[in-house]
Amino acid sequence: MIITPAEPHDVAKLLAFREEAAAWLRGLGSDQWSRPYPADKLLATIEVGSVFMLRDGHTTAGTITLTPDAEEGLWTDDELAEPSMFINKLTVARDYAGQNLGGRLLDWASDRAHRAGAQWLRLDAWTTNDALQRYYLEQGFTHVRTVREGAAVNGGPRVSGWLAQRTARPAEHGFTDHTPIPARLPLAA
């Protein structure tokens with residue numbers, strides 16, 4: 001499998017992934033991703049180069065967003081002074097479930113963050129999705145705190161404020177990486 005930067009034409013696929021994941025989560029009793037995500041915001045993240053696609057031939061098996069930019073209102077000034085990269089919108093196509101692609105994408109992100117000079121790989125997960133929180137703990141993340149105040153990026157109250165982090169480190173993920181070399185973080189030593 002190959003990991004590549006997303007391209008503007010991938011917006012429709014990414015929105016469909018989100019809808020597929022939301023339907024699956026609804027079946028599990030979660031309201032995660034039930035609000036539509038604005039296509040223009042998604043396109044903007046693609047254009048700055050922070051969205052990545054995992055491709056299996058002509059099929060997209062998964063996606064992850066990795067950015068040096070924290071969502072406003074989640075992390076303290078002291079935490080933001082530490083070189084970090086932030087993941088979000090990790091999604092694996094249901095046809096590829098059960099193959100540890102999510103864990104391998106997290107390892108890829110950890111490796112990329114490390115190469116950019118990050119100390120931490122951080123995330124904010126859905127506040128009410130206990131199974132997702134357990135998953136991240138099993139992937140080596142440590143819960144930092146839960147933030148409930150504020151607004152969500154796509155409108156309404158904040159719903160994704162379960163904060164976790166793990167050390168950014170080299171990792172063997174097993175993907176063929178066709179992404180550019182990551183830029184060094186400004187805070188990196």
Side-chain angles (χ1 to χ4, degrees), residues 1-7 10 13-14 17 21 42 44-57 59-71 74-93 95-126 129 131-147 160-189:
M1 287 188 199
I2 298 170
I3 191 159
T4 65
E7 298 176 16
D10 288 317
K13 179 55 156 172
L14 291 166
F17 259 20
L42 189 52
T45 59
I46 289 171
E47 289 174 342
V48 298
S50 62
V51 181
F52 301 92
M53 307 294 277
L54 180 63
R55 304 191 194 274
D56 183 13
T59 303
T60 301
T63 181
I64 191 169
T65 298
L66 179 65
T67 177
D69 302 318
E71 186 177 323
L74 292 176
W75 299 91
T76 68
D77 288 342
D78 286 344
E79 290 164 340
L80 292 172
E82 300 169 331
S84 304
M85 292 195 75
F86 302 86
I87 59 165
N88 51 62
K89 297 184 215 53
L90 171 63
T91 311
V92 173
D95 289 346
Y96 289 84
Q99 299 179 35
N100 192 34
L101 293 185
R104 290 171 58 197
L105 281 166
L106 291 169
D107 286 344
W108 172 85
S110 180
D111 185 73
R112 186 171 180 82
H114 174 77
R115 290 187 289 132
Q119 175 184 354
W120 298 108
L121 181 63
R122 291 179 164 152
L123 61 85
D124 60 285
W126 206 258
N129 190 335
L132 180 63
Q133 295 165 16
R134 279 191 306 277
Y135 172 78
Y136 284 125
L137 293 171
E138 291 165 1
Q139 294 298 319
F141 285 83
T142 301
H143 179 239
V144 176
R145 74 182 155 280
T146 301
V147 177
S160 188
W162 185 86
L163 306 184
Q165 65 186 18
R166 78 180 200 193
T167 303
R169 61 185 182 269
E172 183 53 49
H173 47 75
F175 301 133
T176 302
D177 192 341
H178 285 189
T179 64
I181 295 171
R184 294 288 292 175
L185 295 173
L187 299 172

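Quick note: residue numbers are just sequence positions, from 1. Treat the numbers as computed from the prediction; the structure is a model and nothing was measured.
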Check: [Y] main-chain N/O paired with [X] side-chain donor or acceptor under 3.5 Å:
X      : Y      : value
Thr179 : Asp177 : no
Thr63  : Thr91  : no
Ser50  : Thr65  : no

Which distance, rounded to the nearest 0.5 Å, do you find between the [atom1] of [X] and the [atom2] of [Y]?
X      : Y      : atom1 : atom2 : result
Arg112 : Ile3   : CZ    : CD1   : 8.5 Å
Arg184 : Arg115 : CZ    : CZ    : 11.0 Å
Gln165 : Asp124 : CD    : CG    : 12.5 Å
Leu74  : Leu163 : CG    : CG    : 5.0 Å

Return the orientation label for the Trp162 and His143 ring planes: parallel under 30°, perpendicular over 60°, tilted otherwise.
->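 Trp162 vs His143 ring planes: parallel.
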Is the shortest side-chain heavy-atom distance between [X] and [Y] below 4.5 Å?
X      : Y     : value
Asp10  : Val51 : no
Arg122 : Glu79 : yes
Phe175 : Thr4  : no

Any residue meeting ring-ring contact (aromatic ring centres under 6.0 Å, His included) with Tyr96, in chain and number order, not counting sequence neighbours |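 Residues passing ring-ring contact (aromatic ring centres under 6.0 Å, His included) with Tyr96: none at all.
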Under the side-chain hydrogen bond (donor to acceptor under 3.5 Å, both in side chains) test, residues paired with Gln99 that sit two or more places apart |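 side-chain hydrogen bond (donor to acceptor under 3.5 Å, both in side chains) check on Gln99 returns nothing, list empty.
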Thinking salt bridges, do Arg166 and Asp107 make one under a 4.0 Å N-O criterion?
->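 Salt bridge flag = yes for Asp107 with Arg166.
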